[in-house]
Amino acid sequence: MLASFLTVLALTLGSVPMPQDPSKPTCRAIDGKVSCGYGCKSDGQRVRCSQTPQGHCQVLDGQVVCYDPPAYVQKAYGDALPKPECKNIDGVVACGYNCATQPGQVKCAKSPAGVCLGRGGNVECFDPPAVVFAVYGKDTPRAECHTNAVEMTCGYGCINAPEGVRCARTPAGVCRKVNSNITCFDPTPAALCAWKRELPAPQCKNTEAGPVCGYNCTTAFSKAACASTPDGLCKVFDSEVYCFDPPAEQKADAACLSALGLAALDGAAP
């Protein structure tokens, strides 16, 4: 009797899958289809795995889905990277961060600092450029979305006016409205990598065509122009403003530029 009990117990334990170590890759198969990676899940018809330890797989609405945050996002947050989420609506599934839905649509941002907003049957998502994560790391400010009766825009320092909605793409950018003209300016990725969080705030000058923004702005009568970096200069010749910027890449932080290269491998904008 005891021998039979031990045999049944051994067979039962042998049929129970061992818990996976999320830090180590594994392979699973179903109906002859094999998938390898991390945190593998099956919906009974297929098996899928995330490609990084920071990825996430989930069975939702009868289908298994996986999501891996971009490598430059993982590098920025390290162990502080929040777990992604998955949402579904009307059979449509998406994974990422700060997801939003509309009838028949669901979209998610690629990063915790990204944002999504649903309006009028459409969902728009925005993620900060890779250089923002290279500079701010896990302290990257979360973007915001604004909408009016016509358009919807996401980013930083947004201006929502009857003339339109405009946002800067980085926390170091600026938007300025003068009369009916709205202008937004963002420092270049090279400038952000060179000055990082110590980058001075841009300034803006008014012109007949609307505001212009940047650094060391100079005016000539009703005209104005600005340099793209704090090291740039602007001079007036024959009532025209000419500006020049030394290459910021020469003083840029190597680790920051490396992060941009990592983002380029993911196909992301710098």
Side-chain angles (χ1 to χ4, degrees), residues 50-55 67-84 96-98 108-116 125-145 153-158 166-176 183-204 212-217 225-234 243-270:
S50 61
Q51 299 304 294
T52 64
Q54 295 81 12
Y67 174 75
D68 287 280
Y72 63 92
V73 174
Q74 295 184 21
K75 183 177 179 64
Y77 284 85
D79 294 337
L81 181 67
K83 182 180 178 180
Y97 297 93
N98 305 316
C108 304
K110 297 178 180 179
S111 69
V115 63
C116 296
C125 292
F126 170 84
D127 282 281
V131 68
V132 175
F133 295 100
V135 171
Y136 293 90
K138 62 183 178 65
D139 297 324
T140 297
R142 184 172 172 178
E144 57 184 4
C145 289
T153 306
C154 303
Y156 297 94
C158 304
R166 300 290 184 273
C167 301
R169 292 183 54 79
T170 69
V174 64
C175 292
R176 178 66 58 86
T183 295
C184 292
F185 168 84
D186 283 287
T188 64
L192 280 164
C193 279
W195 281 269
K196 303 187 79 171
R197 300 194 194 190
E198 296 180 358
L199 183 68
Q203 61 178 155
C204 296
V212 295
C213 301
Y215 298 95
N216 301 318
C217 302
C226 305
S228 298
T229 68
D231 282 350
L233 60 85
C234 295
C243 297
F244 171 80
D245 285 279
E249 292 83 355
Q250 294 184 359
K251 62 188 303 181
D253 177 70
C256 184
L257 293 177
S258 175
L260 298 190
L262 188 63
L265 294 177
D266 274 341

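If you read the sequence from its start, that first residue is 1, and numbering goes on from there. Here the structure is a predicted model, which is why all the values come from computation and not from measurement.
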Inset, instruction - Compare the SG-SG distance of C184 and C167 against 2.5 Å and report whether it is shorter. - result: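 Their SG atoms do not fall under 2.5 Å; no disulfide, then.
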Are the side chains of [X] and [Y] in touch, meaning some heavy atoms are under 4.5 Å apart?
X: S228; Y: Y215; answer: no
X: V132; Y: P171; answer: yes
X: V73; Y: P112; answer: yes
X: P270; Y: V131; answer: no

Inset, instruction - Could you point out which residue of C217, C226, C213 forms a disulfide (SG to SG under 2.5 Å) with C204? - result: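 Option passing the disulfide (SG to SG under 2.5 Å) with C204: C213.
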Legend entry - Spacing of NZ belonging to K110 relative to OH belonging to Y97, to within rounding of 0.5 Å: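 Between atom NZ of K110 and atom OH of Y97 there are 13.0 Å.
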Inset, instruction - Look up atom CZ in R169 and atom CG in D127, then write down how far apart they are to the nearest 0.5 Å. - result: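 Separation between the atoms: 9.5 Å.
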Legend entry - Which residues share a salt bridge (charged side-chain N to carboxylate O under 4.0 Å, His left out) with R176, sequence neighbours left out: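 Salt bridge (charged side-chain N to carboxylate O under 4.0 Å, His left out) list for R176, sorted by chain: empty.
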Legend entry - D231: partners by salt bridge (charged side-chain N to carboxylate O under 4.0 Å, His left out), with sequence neighbours left out: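 Scan of D231 (salt bridge (charged side-chain N to carboxylate O under 4.0 Å, His left out), adjacent residues dropped) gives K251.
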Nearest heavy-atom pair of [X] and [Y]: which atoms, and what distance?
X: G232; Y: N216; answer: O-ND2, 2.6 Å
X: C116; Y: A109; answer: SG-N, 3.3 Å
X: A130; Y: A263; answer: CB-CB, 3.3 Å
X: F244; Y: P246; answer: CE2-N, 3.6 Å
X: C234; Y: A227; answer: SG-N, 3.4 Å
X: Y156; Y: C175; answer: O-SG, 4.5 Å

Output a table of donor-acceptor pairs, distance under 3.5 Å, between side-chain atoms of residues 253-261 and any protein atom two or more places apart or on a different chain; print 'none' if there are none.
{"residue": "D253", "atom": "OD2", "partner": "A255", "partner atom": "N", "Å": "3.2"}
{"residue": "D253", "atom": "OD2", "partner": "C256", "partner atom": "N", "Å": "2.9"}

Legend entry - C145 vs C154, disulfide (SG to SG under 2.5 Å): CA-CA, chis, key distance, verdict: CA-CA 4 Å; C145 289; C154 303; 1.9 Å; yes
Inset, instruction - Only pairs at least two apart or in different chains count here, so list each side chain to side chain donor-acceptor pair (under 3.5 Å) that has a residue in residues 70-80. - result: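 Sorted pair list: T52-Q74.
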Inset, instruction - Scan residues 261-270 for pairs that pass salt bridge (charged side-chain N to carboxylate O under 4.0 Å, His left out), counting only residues two or more places apart or in two chains. - result: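 Residue pairs passing salt bridge (charged side-chain N to carboxylate O under 4.0 Å, His left out), neighbours aside: none found.
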Pairs of donor and acceptor atoms involving the side chains of residues 133-142, under 3.5 Å and at least two apart or interchain, shall be tabulated with distances.
{"residue": "T140", "atom": "OG1", "partner": "G137", "partner atom": "O", "Å": "2.6"}
{"residue": "R142", "atom": "NH2", "partner": "N98", "partner atom": "OD1", "Å": "3.4"}

